[in-house]
Number of protein chains: 2
Amino acid sequence: MSRLKDKILEVSTDLFQTRGINSTGVDTIVAVAGTTKMTLYKYFHTKEELILEVLKKSQSDFQTWLDKKLDSSSKKPADKIQLLFDYIEEWVTSPSFLGMGFIKASAEFPNEENPIHKLSSQQSREFRQYIAKLATEASIKDADSLALQLSLLFEGAVQAEQMKRGSGAIKYAKKAAKVLIDGAN
Amino acid sequence: MSRLKDKILEVSTDLFQTRGINSTGVDTIVAVAGTTKMTLYKYFHTKEELILEVLKKSQSDFQTWLDKKLDSSSKKPADKIQLLFDYIEEWVTSPSFLGMGFIKASAEFPNEENPIHKLSSQQSREFRQYIAKLATEASIKDADSLALQLSLLFEGAVQAEQMKRGSGAIKYAKKAAKVLIDGAN
DNA sequence: TATATACTATACAGTTCTGTATACTTTATA
DNA sequence: TATAAAGTATACAGAACTGTATAGTATATA
């Protein structure tokens, strides 16, 4: 992958999070990335394609990071689900955290037929299924039900953190998650 | 208040929810409302002012409806907090529900200095305080902590419902809320 | 009946946005 | 060293957007 393509993706991710997707023009993106529109449109045929790739990379980065953290933490499935919100807290409270792409994108593109909304919805579902896998491996009775509840806490906490940086909401999500996990057996 | 001002507010609320705020032009609004831009700008000096009034009215309608429901349901505070998510479910699963304005608006205007973001953030805080008041009246030990956790479930469930209409997420939020409320005493 | 008010209709200024066309420059490589 | 690929610089078409100017119509009321 090209150095400039990466730079465009990185700058777009940042600007979409801090200014909003529709409010960020490609002229701004190339100016900040230090390149030109011709180069941007060489790598991304349309702005929509750029948005979709930004979302894919963001979610992939998060999932990869989380998976690695959980994998190197413990081999016992029961521990892993308990540690889930500890790592989520670490991710969300990191200074570089600016929000979750799929949550903001789904709000900005509310039509369920829109490709950007569809991808956002898919990423939300995939993360829920990831939690469900953790719950299943931890031999939790109704794993899918717990996973959905935990995903609500996660998305709610991210929403709260996007609303007010440093809200501390994730601390309460963690407390609530522990109660729900412990009560699910 | 004028008939046309109401109509403009009503149409704007609907279009902002279904197409997004930035993606909805005033030309579209007046066309659907059956009026003209001159009339719109007579009642709302800028589009931002219109957005702010739409948010205020939406939240006021929700709060008024919820408060009336809870007030006419039971006089016992312990019952009211248990019924909270039943009424939230009724609201969210109603066919006319298209989303919560302050959640979508805060995503579309992510800058915390933006007046629209500020109002969204304020409304989120006020709703949390409303839950806290219910929890306090129900003599719950750490009412603020529970209220914050319940607000995460609420915002997460709304987010999920906005992502996929008819997701049923609110049912799981209700289940989780019951566990948290019962465990908070 | 005269007058203020509410509203319509429409054109338009000025900006911003996406996407492309065109001509030039730099760099890697065969 | 010749050639292809990558990137720059810039102008521009065409659309969409906010907000205003201007002139006219309908209606209520004094």
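Naming: A, B, ... by sequence-line order, numbering from 1 per chain.
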Quiz item: Who passes salt bridge (charged side-chain N to carboxylate O under 4.0 Å, His left out) against A:Asp144, sequence neighbours left out?
Solution: none
Quiz item: Is the closest side-chain donor-acceptor distance between B:Ser145 and A:Tyr172 under 3.5 Å?
Solution: no
Distances under 3.5 Å between nitrogen or oxygen atoms of protein and nucleotides 27-30 of chain C:
none

Quiz item: For A:Asp142, what residues pass the salt bridge (charged side-chain N to carboxylate O under 4.0 Å, His left out) criterion, not counting sequence neighbours?
Solution: none
Interface polar pairs with nucleotides 17-24 of chain C, N/O, under 3.5 angstrom:
| residue | atom | partner | partner atom | Å |
| --- | --- | --- | --- | --- |
| C:dT18 | OP1 | A:Lys47 | NZ | 2.9 |
| C:dT18 | OP2 | A:Val26 | N | 2.8 |
| C:dG19 | OP2 | A:Tyr41 | OH | 3.0 |
| C:dG19 | OP2 | A:Lys47 | N | 2.8 |
| C:dG19 | N7 | A:Lys37 | NZ | 3.1 |
| C:dG19 | O6 | A:Lys37 | NZ | 2.3 |

Quiz item: Over its full length, what angle do the end axes of the helix from C:dT1-D:dA30 to C:dA30-D:dT1 make, each axis taken from five pairs and the result rounded to 10 degrees?
Solution: 0°
Self-check item: Nucleic acid contacts - residues 109-118 of chain A versus DNA chain C, non-hydrogen atoms under 4.0 Å
Solution: none
Could you go through residues 120-131 of chain A and list every donor-acceptor pair under 3.5 Å that involves a side-chain atom there, pairing it with any protein atom two or more places apart or in another chain?
| residue | atom | partner | partner atom | Å |
| --- | --- | --- | --- | --- |
| A:Ser120 | OG | A:Ile116 | O | 2.9 |
| A:Gln122 | NE2 | A:Glu126 | OE2 | 2.8 |
| A:Gln123 | NE2 | A:Leu55 | O | 3.2 |
| A:Ser124 | OG | A:Glu155 | OE2 | 2.8 |
| A:Tyr130 | OH | A:Asp67 | OD1 | 2.7 |

Quiz item: Does D:dA9 have OP1 or OP2 sitting under 4.0 Å from an N or O in the side chain of A:Thr35?
Solution: no
Quiz item: What residues, two or more places apart in sequence or in another chain, satisfy side-chain contact (heavy atoms from CB on, under 4.5 Å) together with A:Lys171?
Solution: A:Glu89
Practice problem: Kindly state each residue pair satisfying side chain to side chain donor-acceptor pair (under 3.5 Å) with at least one member in residues 10-19 of chain B, sequence neighbours excluded. | Solution: B:Gln17-B:Lys104
Quiz item: Taking only residues two or more places apart in sequence or in another chain, which ones pass salt bridge (charged side-chain N to carboxylate O under 4.0 Å, His left out) with B:Lys164?
Solution: none
Exercise. Mind checking side-chain contact (heavy atoms from CB on, under 4.5 Å) for A:Lys37 and listing every partner two or more places apart, or none if nothing turns up?
Key: A:Val26, A:Asp27, A:Val30, A:Tyr41
Practice problem: Under the salt bridge (charged side-chain N to carboxylate O under 4.0 Å, His left out) rule, collect the residues that match up with A:Lys69, sequence neighbours excluded. | Solution: A:Glu90
